[in-house]
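Notes for the one structure printed next.
Fair warning: this is a prediction, and the values are worked out from it, not measured in the lab. The first residue of the sequence shown is numbered 1, and numbering continues consecutively from there. Just the heavy atoms: all of them, side chains too, but no hydrogens, waters or symmetry mates, feed the values below.
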Amino acid sequence: MDHSLEILKAIVQAGREHQAGPPLSEVEIFQDWSDRPETWDRRDGSCTRRELLARYLLVNAVLDQGPDTEGVRLLLTRVTNELYRREIRFLHEPHRFFQELGIAIQQIDSVHDAIKHLRAEEWARRNQSQPSKYSLFMENAAQVLGYAVFRWGVPLALPLILVSEASEEERPQALLNYLRTYPSAERMSEQLKSHRRYGLGKAIGDKAAHLYAKWLIHSYPILRDDHNPGWGAFSFEVPFDSNAGRVLWRTGFFLEWADYQDYESWSVVQTGKGKGGTHYIRVTNIREKASQRAQDIPQLWQAYRDIVTHHLRMGRPQKVQIQRIPLALLYMSEIGTPGELDDGLMYIGTQFCFNHDRPECEECPAQNVCRGYQEERSLITWYRT
Ligand code: SF4
């Protein structure tokens, strides 16, 4: 446990110094007030400012499932600015996106080309890939229509139907009112994907749903409520994506909580399935896998039960799930919060811990605690995410 605490401490520190989140002030309709949360309950046309931010961030979370977070943020910022300049106020009135779908597709396409021109070379260098492979459309899709309707349209359709079903006084905050019906940010993120009527389904992954929770609680205090543990700093799981998975694997964090053979049997480690015959780490397969080692540490098991029962509001746990161990460790040690940890994982994963055999360890803020760098180089050279 001591090594894991050291790792978390280094990553949290990096997160405090490098906060991550979409640059709201670059969106023209937000720029006069996005840094003044005390004004977010004011009306802005048909809805409140707070509601507008929640709608925008939902679209951003859905789009942010590709290989270049920075590129996705640029794409959404620029397309939003372009559409609003043409009076297509699609955040205020989501039906306008569908009404003007032809213009939206044209804007997405041309802005994507401009961003590719700007970022493809650097992206390819960092990922040991080809600039021609740069694409922000997910699953390597080449069709703008499918991307626009599925990835932009689905998160816009949620406020669209909520507004249509809301009473007049509830309409300005229809999305926020719906999100607040859940007892915690974690339950909200789960239902954002899975709710029978309102769930986004395959348009949003677990990681993106948790990222949305993180933004609403940690990055921007849109739904945060420090008097209610269900909406406080520990109310959501750290979103695990490939960046987080790579850092937690190479530093030795995961191997402290289960054996290599366990990860292989869960298909978290897929032998020989990585680029060039390396082993592939599929971090999403860690979800719900149990760690008996963690459960055998009384202090950790107690913290875990508190977190799951009172903060995540997911009922009384019977076992320790590995993806929630960082929360319990942060909670019992008071090192920092899940949001700070995720900021640190993003910073290290995207700036130093590149997905090839020569990450920039000499510059990395976690180098002193990293098992891959300090003693077991194969944790770096043999694994890809
Ligand atoms: S020291 Fe190297 S391998 Fe370890 S987390 Fe940093 S960049 Fe990754």
Angle between ring planes, H195 versus Y182, binned at 30° and 60°: parallel, tilted or perpendicular?
perpendicular
Any non-hydrogen side-chain atom of P326 less than 4.5 Å from a side-chain atom of E237?
no
Please round to the nearest 0.5 Å and tell me the distance separating atom NZ of K9 and atom CG of N368.
12.5 Å
Flag the pair W231 / L216 as yes when at least one side-chain heavy-atom distance between them is below 4.5 Å, and no otherwise.
no
Please state whether the rings of F90 and Y84 are parallel, tilted or perpendicular, taking 30° and 60° as the class boundaries.
tilted
Enumerate, atom names and distances included, each donor-acceptor pair closer than 3.5 Å involving a side-chain atom of residues 196-203, sequence neighbours excluded.
residue, atom, partner, partner atom, Å
R197, NH2, E165, OE2, 2.3
Y198, OH, E165, OE1, 2.4

Taking the side chain as everything from C-beta on, heavy atoms only, tell me whether L345 gets closer than 4.5 Å to L248.
yes
Not counting sequence neighbours, which residues clear salt bridge (charged side-chain N to carboxylate O under 4.0 Å, His left out) with R16? List them please.
E340
Distance-only criterion, 3.5 Å: show the donor-acceptor pairs between side-chain atoms of residues 25-32 and protein atoms not counting sequence neighbours.
residue, atom, partner, partner atom, Å
E28, OE1, R85, NE, 3.2
E28, OE2, R85, NE, 3.4
E28, OE2, R85, NH2, 2.3

Any ion pair linking D226 and R224 (charged N to carboxylate O, less than 4.0 Å)?
yes
Reference residue D68; test salt bridge (Lys or Arg N to Asp or Glu O under 4.0 Å); the match among R119, K116, K133, R73:
R119
With sequence neighbours left out, the residues meeting salt bridge (charged side-chain N to carboxylate O under 4.0 Å, His left out) with R96 are E100
Could you work out, with side chain to side chain donor-acceptor pair (under 3.5 Å) as the rule, every residue matching D2, not counting sequence neighbours?
none
Do M314 and R324 make a side-chain contact, defined as non-hydrogen atoms from C-beta onward lying under 4.5 Å apart?
yes
Listing, residues 238-245 side-chain donor-acceptor contacts under 3.5 Å, not counting sequence neighbours, or none:
residue, atom, partner, partner atom, Å
D241, OD1, N243, N, 3.1
D241, OD1, A244, N, 2.9
D241, OD2, N243, ND2, 3.4
N243, OD1, R246, NH2, 2.8

Tell me whether D262 is salt-bridged to K289, with the criterion being a basic N under 4.0 Å from an acidic carboxylate O.
no
Backbone of R371 reached by a side-chain donor or acceptor of R250 within 3.5 Å:
no
Classify the angle between the aromatic ring planes of Y263 and W266 as parallel (below 30°), tilted (30 to 60°) or perpendicular (above 60°).
perpendicular
